[in-house]
Enquirer: 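Sharing a structure here in structure tokens format.
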Amino acid sequence: MSIVEGGSGPRESSEWAGHRVEDGGRGATEELLYDVIRRLWPLHRTIVRAVERELEGTGMTAGEHALLDALRAQGPRTVPQLARSLGLDRQPVQRWVNHAAELGLVVTAPNPAHRRSSLIRLTDEGSEVMRGIQDAEAAELRHGLADLSSGEVRTALRVLDRLGEEFRHLADGSRVLPEESGNPEKRDASSMDATPAAIPPAIGHRPPAPARPTDRPSRTERPAR
């Protein structure tokens with residue numbers, strides 16, 4: 001099956017990644033898409049290694065960084081909502097939440113939409129930690145990627161969103177409408193999990209940072225039955 005479906009038929013020509021693709025160039029466009037896909041895995045691993053280096057001494061893992069970033073961007077969320085937004089199973093996300101709670105970075109909060117499914121929110125300390133990390137990251141990005149325009153970045157986001165939609169369709173047979181991509185509220189409104197998150201309540205001081213978990217969760221990990 002081709003990576004890309006749909007479209008309005010052949011076009012005389014189009015601009016793609018700085019190269020002109022003439023009439024009948026669908027194969028060239030698909031090969032460019034494969035080039036994007038081939039770069040995603042090594043890029044992901046490189047980003048994880050860079051984040052892990054930044055987090056040395058904090059007690060946080062790269063997964064917990066992604067978790068806190070999602071909470072900072074989206075606001076309080078349930079564990080299932082966080083798992084969906086990160087594209088992971090709930091079990092590893094729950095472990096990250098529990099560890100972040102032990103570090104004093106997140107707490108549970110009542111969920112007006114579902115009494116038995118608590119929201120996870122950043123503490124003041126968690127917000128401050130993420131602000132410091134992301135300010136440093138932003139400074140590095142501004143310095144290293146100053147030649148990229150906002151339009152180029154928006155185009156990259158659109159391409160990545162479309163690839164994500166297509167591969168979700170290939171993986172589970174569902175298709176997310178383009179206008180719904182990037183809107184977690186639309187995706188989460190119909191499915192709330194009733195399992196409460198196992199997180200201690202907010203306390204007045206930060207506990208000692210525990211040892212980093214030795215079982216680094218993977219994307220393919222499944223909850224125990």
Side-chain angles (χ1 to χ4, degrees), residues 3 37 39-52 55 58-103 105-111 113-123 126 130 133 157 160-177 180-200 210-225:
I3 290 179
I37 294 165
R39 285 165 169 77
L40 291 179
W41 176 249
L43 173 62
H44 170 72
R45 294 303 307 156
T46 300
I47 291 173
V48 169
R49 288 196 301 270
V51 170
E52 287 175 339
L55 296 176
T58 67
M60 292 170 57
T61 67
E64 288 154 10
H65 175 280
L67 173 83
L68 298 186
D69 177 65
L71 289 172
R72 188 167 190 240
Q74 302 171 11
R77 314 287 285 166
T78 66
V79 169
Q81 287 171 338
L82 287 165
R84 282 191 292 275
S85 69
L86 295 171
L88 296 170
D89 295 325
R90 283 177 294 196
Q91 187 179 29
V93 173
Q94 182 68 69
R95 284 206 302 272
W96 292 340
V97 168
N98 291 346
H99 189 236
E102 292 173 357
L103 294 175
L105 303 177
V106 302
V107 291
T108 57
N111 183 358
H114 201 294
R115 186 177 60 183
R116 295 181 58 198
S117 183
S118 299
L119 294 171
I120 312 303
R121 67 169 179 82
L122 289 173
T123 61
M130 286 305 296
I133 291 172
L157 287 172
L160 291 173
D161 283 345
R162 291 295 304 277
L163 284 172
E165 291 161 13
E166 183 63 19
F167 276 94
R168 277 192 295 272
H169 168 63
L170 294 174
D172 57 27
S174 65
R175 184 177 295 279
V176 178
L177 296 177
E180 292 183 2
S181 63
N183 188 339
E185 292 301 329
K186 288 186 178 181
R187 294 196 299 271
D188 297 333
S190 62
S191 56
M192 297 292 294
D193 189 273
T195 304
I199 303 176
R212 291 172 62 164
T214 57
D215 53 336
R216 185 179 300 279
S218 67
R219 186 182 180 86
T220 58
E221 196 169 356
R222 297 290 177 187
R225 295 183 179 278

Enquirer: What's the separation between atom CG in Leu103 and atom CG in Asn98, rounded to the nearest 0.5 Å?
Expert: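 Result: 11.0 Å between the selected atoms.
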Enquirer: How long is the straight-line distance from CG of Leu86 back to CH2 of Trp96, given to the nearest 0.5 Å?
Expert: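 CG of Leu86 is found 6.5 Å from CH2 of Trp96.
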Enquirer: Under the side-chain contact (heavy atoms from CB on, under 4.5 Å) test, which residues partner Ala83, sequence neighbours left out?
Expert: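 Scan of Ala83 (side-chain contact (heavy atoms from CB on, under 4.5 Å), adjacent residues dropped) gives Arg90, Val93.
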Enquirer: Are Arg121 and Leu71 close enough, and set up right, to give a side chain to side chain contact (heavy atoms under 4.5 Å, CB included), and what steps lead you there?
Expert: CA-CA 7 Å; Arg121 67 169 179 82; Leu71 289 172; 5.9 Å; no
Enquirer: So how far is it from Gln74 CD to Leu82 CG, rounded to the nearest 0.5 Å?
Expert: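 The CD atom of Gln74 sits 7.0 Å away from the CG atom of Leu82.
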Enquirer: Would you compute the distance between atom CD1 of Ile133 and atom CE of Met60 and round it to the nearest 0.5 angstrom?
Expert: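 Between Ile133 CD1 and Met60 CE, I get 4.5 Å after rounding to 0.5 Å.
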Enquirer: Is the shortest side-chain N to carboxylate O distance from Arg49 to Glu52 below 4.0 Å?
Expert: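 Answer for the salt bridge query: no.
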Enquirer: Donor-acceptor pair, distance only, cut-off 3.5 Å: does the side chain of Thr108 make one with the backbone of Leu119?
Expert: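 No: the side chain of Thr108 does not pair with the backbone of Leu119.
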Enquirer: CD1/Ile120 to CG/Leu105 distance, rounded to the nearest 0.5 angstrom?
Expert: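 Rounded to the nearest 0.5 Å, the CD1-CG separation comes to 13.0 Å.
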Enquirer: Identify the heavy atoms of Gly59 and His99 that sit nearest to each other, and give their distance.
Expert: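 That closest heavy-atom pairing would be O-CE1, 3.0 Å.
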Enquirer: Which pair of non-hydrogen atoms, one from Ser117 and one from Thr78, has the smallest distance, and what is that distance?
Expert: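 Shortest heavy-atom contact: OG-CG2, 3.5 Å.
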Enquirer: Between Ala100 and Leu68, which heavy-atom pair has the shortest distance, and what is it?
Expert: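 Taking Ala100 first and Leu68 second, the nearest heavy atoms are CB-CD2, 4.4 Å.
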Enquirer: How far does CG of Leu55 sit from NE2 of His65, to the nearest 0.5 angstrom?
Expert: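 Between Leu55 CG and His65 NE2, I get 6.0 Å after rounding to 0.5 Å.
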Enquirer: Is the distance between the ring centroids of Trp41 and His44 under 6.0 Å?
Expert: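 Centroid separation for His44 and Trp41: below 6.0 Å.
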